[in-house]
Undergrad: 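Could you have a look at this structure, given as structure tokens, before my questions?
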Protein chains: 2
Amino acid sequence: MQRDTRQRRAIRKAFREAGHPLSPQELLELAQEHVESLGIATVYRNLRSLQEEGWLEAVELPGEPARYEVAGKGHHHHFHCRDCDRVYEVEGCPGNLKDVTPKGFKLERHEFVLYGLCDACAA
Amino acid sequence: MQRDTRQRRAIRKAFREAGHPLSPQELLELAQEHVESLGIATVYRNLRSLQEEGWLEAVELPGEPARYEVAGKGHHHHFHCRDCDRVYEVEGCPGNLKDVTPKGFKLERHEFVLYGLCDACAA
DNA sequence: GTCGTTGCAAAGCGTTTGCAGCCTA
DNA sequence: TAGGCTGCAAACGCTTTGCAACGAC
């Protein structure tokens, strides 16, 4: 059974306050503001268990290490700013997937990533 | 200046014959059929130089190591079979991207990945 | 007190690099 | 023959694991 440790509380808090997907390293730094001694191994272990528990979801972007976000937001995709390197959630979905799927293939899910500049960096 | 070695010839040949994106490890195994002594470091060095030369393009899928395919195929996306783990090219594009892009964000490019079963594995 | 959790250090895994010898042009 | 290329082994960065001490319940 899952225990309520200082470390786990700090990690959950960091996610609640972040508002965008976090990498393990970002998470370590944020959570260390509350638990200085926190180690990276604990971060990875909690990322895994919070994911298994259904509290977190992995955000996997092509060509880079996974980030994580609080689960339960419904279907959405992500926008990756090439300048600040931050990842944003975007609502909606282009649809039209059936037309693109090759004949005989069984489509089960899809990922969709936008790249460019976020509003702050575009200004 | 680029030299025409047995190793490089074997690597190019493997790509021409494969017909789908190759991972470095797959490529090593295929190219070793022609040059037994081929080492993985040489594979990675050639993947990079062939990419810089514009002959190859990286295919980056979320959450896994990059694969590579011969360049110059125009805009397309990929389908990843969860059963045989192979990656297929798919033509076409869902479009409708403007509607999904948040206000103030500047969209420059996008990636799109389909997951499911390929025709062989669905049967 | 039990046993899940933690921090550290070591191990893994895919990729890159240093180096001495090789081979193409 | 010059200098790019190769194979090997060591180094890398990120992630996972083994282990003894810790601490929530």
Side-chain angles (χ1 to χ4, degrees), chain A residues 1-15 21-69 80 85-87, chain B residues 1-15 18 20-69 78 80 85-87 113:
Chain A
M1 202 234 66
Q2 191 94 311
R3 285 178 187 175
D4 185 29
T5 63
R6 291 186 315 134
Q7 290 81 346
R8 195 157 312 176
R9 273 195 299 275
I11 287 171
R12 271 203 264 247
K13 184 170 179 161
F15 274 112
L22 297 176
S23 68
Q25 195 55 45
E26 278 179 293
L27 175 57
L28 175 66
E29 283 154 25
L30 288 172
Q32 276 180 339
E33 290 173 14
H34 298 100
V35 181
E36 219 182 309
S37 68
L38 181 63
I40 189 71
T42 298
V43 166
Y44 279 106
R45 278 188 286 235
N46 277 288
L47 283 174
R48 176 182 296 195
S49 62
L50 288 169
Q51 232 187 130
E52 284 166 357
E53 195 181 304
W55 196 83
L56 276 184
E57 254 167 37
V59 177
E60 314 242 38
L61 300 190
E64 50 193 296
R67 299 164 197 234
Y68 299 84
E69 66 184 4
H80 187 186
D85 200 44
R86 210 173 282 213
V87 171
Chain B
M1 205 231 68
Q2 193 92 312
R3 284 179 189 174
D4 187 29
T5 63
R6 290 185 315 134
Q7 289 83 345
R8 195 157 313 176
R9 273 195 299 276
I11 287 172
R12 271 202 265 247
K13 185 169 177 157
F15 274 112
H20 64 102
L22 297 177
S23 69
Q25 194 55 45
E26 279 178 294
L27 175 58
L28 175 65
E29 283 153 24
L30 289 172
Q32 276 179 338
E33 290 173 14
H34 299 101
V35 181
E36 216 182 312
S37 68
L38 181 63
I40 190 70
T42 298
V43 166
Y44 279 105
R45 278 187 286 236
N46 277 287
L47 283 174
R48 178 182 295 195
S49 63
L50 288 169
Q51 230 186 132
E52 283 167 357
E53 195 182 302
W55 195 84
L56 276 184
E57 254 166 37
V59 177
E60 315 242 40
L61 299 191
E64 49 192 297
R67 297 163 198 234
Y68 300 83
E69 67 185 0
H78 295 92
H80 187 186
D85 200 43
R86 209 173 283 212
V87 171
V113 190

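Proteins come first, then strands; the chains are lettered A, B, ... in the order of their sequence lines, and each starts at number 1. This one's a predicted model, so the numbers in the text were calculated from it and none came from an experiment.
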Undergrad: Got more than 12 heavy atoms from elsewhere within 6.0 Å of CD, Q2(A)?
TA: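 More than 12 within 6.0 Å, yes.
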
Undergrad: Evaluate V35(B) against R9(B) for side-chain contact (heavy atoms from CB on, under 4.5 Å), listing each step before the verdict.
TA: CA-CA 9 Å; V35(B) 181; R9(B) 273 195 299 276; over 6 Å; no

Undergrad: Identify whether any heavy atom of I40(B) sits under 4.0 Å from a base atom; if not, whether one sits that close to sugar-phosphate; answer base, sugar-phosphate or nothing.
TA: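 Answer is nothing: I40(B) stays at 4.0 Å or more from every strand.
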
Undergrad: So does R45(A) reach the base of dG4(C) with its side chain, donor to acceptor, closer than 3.5 Å?
TA: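 Between dG4(C) and R45(A), which were checked side chain against base, a qualifying N/O pair under 3.5 Å is absent.
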
Undergrad: Are there more than 12 heavy atoms of other residues, nucleotides or ligands under 6.0 Å from atom CZ of R86(A)?
TA: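 Check fails, neighbour count at 12 or below.
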
Undergrad: Side chain of R48(A): nearest nucleotide among dC5(D), dA25(C), dT17(D)?
TA: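 Taking heavy atoms from C-beta onward, the closest nucleotide is dT17(D).
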
Undergrad: From the set dG23(D), dA2(D), dA9(D), return the single nucleotide nearest to any side-chain atom of R3(A).
TA: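 Closest nucleotide among those given: dG23(D).
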
Undergrad: Report yes if a side-chain nitrogen or oxygen of T5(A) is closer than 4.0 Å to either non-bridging phosphate oxygen (OP1 or OP2) of dT5(C); otherwise report no.
TA: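 No, no such contact exists.
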
Undergrad: Would you tell me if any nitrogen or oxygen in the side chain of S37(B) comes within less than 4.0 Å of OP1 or OP2 on dG7(D)?
TA: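 For S37(B), the contact criterion (side-chain N or O under 4.0 Å from OP1 or OP2 of dG7(D)) is met.
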
Undergrad: Does dG7(C) have OP1 or OP2 under 4.0 Å away from a side-chain N or O of Q7(A)?
TA: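 For Q7(A), the contact criterion (side-chain N or O under 4.0 Å from OP1 or OP2 of dG7(C)) is met.
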
Undergrad: Among dT6(C), dG7(C), dG7(D), which nucleotide sits nearest the side chain of N46(A)?
TA: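 Shortest atom-to-atom distance from the side chain points to dT6(C).
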
Undergrad: Which part of the nucleic acid, if any, lies within contact of Q2(A), taking any heavy atom under 4.0 Å across all strands shown: a base, the sugar-phosphate backbone alone, or nothing?
TA: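 Since only primed, P, OP1 and OP2 atoms lie under 4.0 Å of Q2(A), the category is sugar-phosphate.
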
Undergrad: Output the rounded distance in Å from CZ (R9(A)) to P (dT5(C)).
TA: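 In whole Å, dT5(C) P lies 13 Å from R9(A) CZ.
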
Undergrad: In whole angstroms, how far is the C1' atom of dG7(C) from the CZ atom of R6(A)?
TA: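 Distance, rounded to whole Å: 12 Å.
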
Undergrad: Quickly work out the Y68(A) OH to dC14(D) P distance and round it to whole Å.
TA: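 After rounding, the reported distance stands at 13 Å.
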
Undergrad: Is the backbone of S23(A) close enough, under 3.5 Å, to the side chain of E26(A) for a donor and an acceptor to pair up by distance?
TA: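 Here the side-chain-to-backbone pair exists.
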
Undergrad: OP1, OP2 of dC5(D) versus side-chain N and O of R8(B): anything below 4.0 Å?
TA: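 So the side chain of R8(B) is within the cut-off, an N or O lying under 4.0 Å from OP1 or OP2 of dC5(D).
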
